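Quick caveat: nothing in here was measured; it's all calculated off a predicted structure. Per chain, numbering begins at 1; letters A, B, ... match sequence-line order.
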2 protein chains.
Amino acid sequence: MTVLTSMQNQPLVAPNNSPMPDNIPGPSFRPLYDQIKILLTQSLIAGEWKPGEAIPSEMDLAARYQVSQGTVRKAIDALAGDNILIRRQGKGTFVATHTEPKHQYRFLRIIPDKGSKDKVHPTTNFIDVKRGKASAEVARALDLKVGAPVTALRRVLVFAGTPIILDEIVLSSVLFPNLTLEKISESRGSIYSFLETGYGLRMIRAEERLRAMAADAAAAAYLLVAEGTPLLCVDRIAFTYGDKPVEWRRGLCLTDGYSYYNELA
Amino acid sequence: MTVLTSMQNQPLVAPNNSPMPDNIPGPSFRPLYDQIKILLTQSLIAGEWKPGEAIPSEMDLAARYQVSQGTVRKAIDALAGDNILIRRQGKGTFVATHTEPKHQYRFLRIIPDKGSKDKVHPTTNFIDVKRGKASAEVARALDLKVGAPVTALRRVLVFAGTPIILDEIVLSSVLFPNLTLEKISESRGSIYSFLETGYGLRMIRAEERLRAMAADAAAAAYLLVAEGTPLLCVDRIAFTYGDKPVEWRRGLCLTDGYSYYNELA
DNA sequence: GAGTGGTCTAGACCACCCC
DNA sequence: GGGTGGTCTAGACCACTCT
């Protein structure tokens, strides 16, 4: 068990009740709730609690870490703010999952221009799944060596009968072995939901870079537009626990009746 | 003074020490810290504390509202999370302002493809300022009547010597009277900083919609590219306190060496 | 009713800033 | 040294969920 160092009050004792050493707070001070947050994250990485499951109650965790409920609370608040945990009053605190309908398209920012800002659930047409080697761009994004084995998936997202997005999704073949079109097609739901249940890897956050570009022949064919049509190019890197990049994706999006919506705070 | 209704404990008393009425919690329960947050926001709207100034200390506010420091703390935490207040340990809590260098380009998401993710500060070339009437699109965005008087400003943002963004910024002439090219040019700093100091209206948040489109003749001329070049079109509505829309803006962005960066959580 | 998260309080002490 | 925000605790009670 890790020994936590508090900022004040009685020194904490490890579960074995050995007295705390004289601990100088150290050069870089870390609040207790931050340390608890890290411990909780480690338990999540270790798979102690799986996506969708409940973690122990605040009182139980407080007892386990020998801190007050309020301190555990603050750690959980932070993780809930990062969409890693979900609190449900009267029921418990749960590990977030992409499988829940509410989080199904958590990272999709394309919405119709007309109507409310409610997200529309598109349908998916898969094109193919291929094995290949990491390009320089993909290698840089996923922290792989150039030429490392990767699996590339292509699909079209159809909104209200109209093909809107052509996605190319690249994953390390080492982390995600034996991906086939069949397995992906069978899995109802989002890619992330499939990766989560199939490989136990949960996407925590993502970075996107957007550009405008002209449709090439392939994109034009899949999106049923003329070559040269301006498309929104959305490059995404998605990360699991520990800021480890595990997915590279390029979406080419027809912004005709649809747009990329973003809130700035 | 507003009477706050607590969820528990002794009923609170108004400053005049009149006893609280028997208050049924009511159909929709509101935590105390939420009510405090609203009161603080109202004070901000009323201009009780101006941008850049310090608000009273947590202890003072706790005394003013007759609640504990912890409750005030939670209200301030929420406002700080919304970038409306800024906490500075040892100094106090301050009203956020666009004038600080750190928040100068708070809403600008265009960054260079190469190099770190540090923001680059562009230089501004103003084109013109014109009076006009609100189009249907602007009227809808700013909650005005079609044809209402508006002031439109155009400018080019230059990154490292290259013109990258052509902006058209539309504001209500009623809310922002007597805008002239001279006054804006003189004001060093961002538009929002200028509006804040000149009109006392602070931008709190913004919504953006992104599309890809081909450059028209005007855009091509200002951005020094061929007509038809794919550009990133960024439509923005910016809001002040109370979710009141006060600025409509369309940025046409050359995504050549630069891209729109976004973090998804 | 028991158990969970959510609110609120009161008080102690720490870290930072400035006089 | 005194003020400010930041951390941590202990305890009380409320709101929600399930049984």
Side-chain angles (χ1 to χ4, degrees), chain A residues 4-13 20 23-38 40 49 53-81 85-96, chain B residues 4-13 20 23-38 40 49 53-81 85-96:
Chain A
L4 303 178
T5 62
S6 170
M7 182 174 162
Q8 68 200 36
N9 289 351
Q10 294 7 292
L12 296 169
V13 293
M20 280 279 282
N23 54 350
I24 304 101
S28 65
F29 159 68
R30 263 240 143 83
L32 247 190
Y33 64 78
D34 249 26
Q35 303 178 48
I36 306 266
K37 182 183 175 186
I38 292 171
L40 290 174
W49 315 299
E53 288 181 8
I55 71 172
S57 75
E58 294 179 353
M59 291 303 280
D60 287 353
L61 290 170
R64 167 186 324 193
Y65 298 125
Q66 297 279 278
V67 298
S68 76
Q69 186 193 6
T71 300
V72 169
R73 190 164 188 71
K74 229 183 151 177
I76 293 179
D77 278 345
L79 290 168
L85 295 178
I86 298 179
R87 325 191 70 139
R88 282 187 221 150
Q89 183 171 153
K91 301 182 73 174
T93 301
F94 298 79
V95 182
Chain B
L4 304 176
T5 61
S6 170
M7 182 173 158
Q8 67 199 39
N9 290 349
Q10 296 5 295
L12 297 168
V13 290
M20 281 279 281
N23 54 350
I24 304 99
S28 66
F29 159 69
R30 262 241 144 81
L32 247 190
Y33 63 80
D34 249 26
Q35 303 178 49
I36 307 272
K37 183 183 174 185
I38 292 171
L40 290 173
W49 314 300
E53 289 181 7
I55 71 171
S57 74
E58 294 178 352
M59 290 303 281
D60 287 353
L61 290 170
R64 167 184 326 192
Y65 297 125
Q66 297 280 281
V67 299
S68 76
Q69 186 193 6
T71 300
V72 169
R73 192 167 187 70
K74 232 185 147 173
I76 293 179
D77 278 345
L79 290 168
L85 296 177
I86 298 179
R87 324 192 70 138
R88 281 185 222 150
Q89 181 169 149
K91 300 182 73 174
T93 301
F94 298 78
V95 182

How many Å lie between OH on Y65(A) and C1' on dT9(D), as a whole number?
-> 19 Å

To the nearest 0.5 Å, what is the distance between CZ (R64(A)) and OG (S57(A))?
-> 11.0 Å

Can you name the nearest heavy-atom pair linking Y33(A) to T71(A), along with the distance?
-> CB-O, 3.6 Å

Considering just the side-chain nitrogens and oxygens of R88(B), establish if one lies under 4.0 Å of OP1 or OP2 belonging to dC16(C).
-> no

Nearest-Å distance, CE (M59(A)) to P (dA10(D))?
-> 10 Å

L61(B) CG - dG3(D) P separation (whole Å) | 17 Å

K37(A) side, atom NZ; L40(A) side, atom CG - distance, nearest 0.5 Å = 10.0 Å

To the nearest angstrom, how far is D34(B) atom CG from dT7(C) atom P?
-> 8 Å

Starting at CG of L85(A) and ending at C1' of dT4(C), how long is that distance when rounded to a whole Å?
-> 15 Å

For A54(A) against W49(A), the heavy-atom pair lying closest together | O-CD1, 4.3 Å

Can you tell me how far P of dT9(D) sits from CD of E58(A), to the nearest Å?
-> 13 Å

Kindly give the atom pairs (protein nitrogen or oxygen, nucleotide nitrogen or oxygen) under 3.5 Å for nucleotides 16-19 of chain D.
from: dC16(D); atom 1: O4'; to: Q89(A); atom 2: OE1; distance (Å): 3.2
from: dC18(D); atom 1: OP1; to: K91(A); atom 2: NZ; distance (Å): 3.3

Distance, rounded to the nearest Å, where F29(B) contributes CZ and dG5(C) contributes P | 17 Å

Side-chain donor-acceptor distances from residues 85-93 of chain B under 3.5 Å, at least two apart:
from: R87(B); atom 1: NH1; to: D77(B); atom 2: OD1; distance (Å): 2.4
from: R87(B); atom 1: NH2; to: E58(B); atom 2: OE2; distance (Å): 2.1

Atom CZ of F94(B) to atom P of dG5(D): distance rounded to whole Å?
-> 9 Å

Which parts of residues 68-81 of chain B get close to DNA chain D, meaning a heavy atom less than 4.0 angstrom away?
-> R73(B)

Does some side-chain heavy atom of I36(B) sit less than 4.5 Å from a side-chain heavy atom of L61(B)?
-> no

Is the distance from OP1 or OP2 of dT7(D) to the nearest side-chain N or O of Y33(A) less than 4.0 Å?
-> yes

